[in-house]
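What you are looking at is a predicted structure, and each value in this text was computed from that prediction instead of being measured.
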Amino acid sequence: MKENQFQEYLIQFGLTRQEAVIYRYLLTERKQTGYEISKQTGISRSNTYSALSSLVEKGAAYVLEEAAKKYIPVDLKEFCDNRIRRLEEDREWLIAHLPGKHVEEEGYITIEGRIHIRDKMHNLLVQAGSRVYVSCSMACLEELMPELERLVRQGKKVVIITDQPCALEGAEIYLSEKKSSQIGMIADSRYVITGEYGERSMNTCLYSGQRNFVTLFKNALSNEIKLIQYTEEVSKQ
């Protein structure tokens, strides 16, 4: 299981499945010939040599010119760091050369899939200029905590509505009833994402920068906070 997961992560760094298998094998066995790699991995010799050539081009392996040509792996961290650095450089180039005029989408966008929803929430928090409101379960909140802690350290306003006690000094925290898989987030009173997110949910959310929708959702969170405050006051009487 871990072997498959290791290879899946390598694929995220630009390797094909066969290249990931061979690179993982090299990381374990170190210096090997193409013949040895083919024999041990079960990949045909032609595909093995093709993959090895590609690994060298992608910066994941080196060639040793000995009596028989052998291959050694580039250190895993070095390979990953190099790929990330190049991607960041490519990203900056793409942003600088974006064709046409960029117009912010103000419609209603459906985002499906746990990973894609998590990415959108992450980006909203990273790009937040002054304040964020988050309403979700503690399980979801724990995933967002690094970004929320960073916002608090930067002096930005963070308001949280969740279903369990949360220790995040500097944030406004309100305890509600069980949240289940329901989430809601507003960033800078400009963008909203809301829907279901969790291991056992549909993982479907609505994202929008439409002003009326943002105002409506902001009022809903404000009313939820007022209800929590009222309930707390009543319970103290």
For K218, check side chain to side chain contact (heavy atoms under 4.5 Å, CB included) against everything at least two apart and list the hits.
I186, S189
Sequence-distant partners of K77, side chain to side chain contact (heavy atoms under 4.5 Å, CB included), two or more places apart
D75, D81
Does some side-chain heavy atom of [Y] sit less than 4.5 Å from a side-chain heavy atom of [X]?
X: E8; Y: R17; value: yes
X: Q18; Y: T41; value: no
X: S208; Y: V192; value: no
X: E172; Y: I225; value: no
X: L175; Y: I228; value: no
X: S181; Y: M202; value: no
X: L52; Y: V56; value: no
X: V152; Y: E169; value: no

Does R24 count as lying over the ring of F6, i.e. NZ or CZ under 6.0 Å from the six-ring centre, within 45 degrees of the axis?
yes
Which residues satisfy the side-chain hydrogen bond (donor to acceptor under 3.5 Å, both in side chains) test with [X], sequence neighbours excluded?
X: S54; result: E19
X: E224; result: K179
X: E149; result: none
X: Y35; result: none

Could you tell me which residues satisfy ring-ring contact (aromatic ring centres under 6.0 Å, His included) with Y133, sequence neighbours excluded, listed by chain and number?
none
Identify, with sequence neighbours excluded, every residue that meets ring-ring contact (aromatic ring centres under 6.0 Å, His included) alongside F79.
Y23
Nearest-0.5 Å distance that lies between atom [atom1] in [X] and atom [atom2] in [Y]:
X: M185; Y: C205; atom1: CE; atom2: SG; value: 9.5 Å
X: I111; Y: I193; atom1: CD1; atom2: CD1; value: 4.5 Å
X: L151; Y: L125; atom1: CG; atom2: CG; value: 6.0 Å

Taking every non-hydrogen atom, the tightest pair across [X] and [Y]:
X: I160; Y: A171; answer: CD1-CB, 4.4 Å
X: R190; Y: V214; answer: O-CG2, 3.4 Å
X: C166; Y: M138; answer: CB-CE, 3.6 Å
X: D188; Y: Q127; answer: OD2-O, 4.1 Å
X: T162; Y: S137; answer: OG1-C, 3.4 Å

E92 atom CD, neighbour heavy-atom count above 12 within 6.0 Å
yes
If you count every heavy atom of other residues, nucleotides or ligands that lies below 6.0 Å from Q154 atom CD, does the total exceed 12?
yes
Donor-acceptor contacts under 3.5 Å from residues 112-120 side chains, at least two apart:
{"from": "R114", "atom 1": "NH2", "to": "E143", "atom 2": "OE2", "distance (Å)": "2.6"}
{"from": "R118", "atom 1": "NH2", "to": "E143", "atom 2": "O", "distance (Å)": "2.9"}
{"from": "R118", "atom 1": "NH2", "to": "E147", "atom 2": "OE2", "distance (Å)": "3.2"}

Indicate yes or no for a side-chain donor-acceptor contact from [X] to the backbone of [Y] under 3.5 Å, with no hydrogens or angles considered.
X: S50; Y: S46; answer: no
X: S38; Y: I43; answer: yes
X: T194; Y: I183; answer: yes

Side-chain donor-acceptor pair under 3.5 Å between Y25 and Q32, yes or no?
yes
Is there a path of hydrophobic side-chain contacts, each under 4.5 Å between heavy atoms, that joins [X] and [Y]?
X: Y62; Y: L76; result: yes
X: L227; Y: L221; result: no
X: I22; Y: Y9; result: no
X: I11; Y: L55; result: no
X: L216; Y: I109; result: no

Transitive ILVMFWY cluster of L94, excluding itself - 4.5 Å side-chain cut-off
W93
What pairs of residues pass the salt bridge (Lys or Arg N to Asp or Glu O under 4.0 Å) test when at least one of them lies in residues 153-164, not counting sequence neighbours?
none
In short, salt bridge (Lys or Arg N to Asp or Glu O under 4.0 Å) pairs touching residues 29-43 with sequence neighbours left out are K31-E66
Quickly, which of Y191, Y207, Y108 forms a ring-ring contact (aromatic ring centres under 6.0 Å, His included) with F213? Name it, please.
Y108
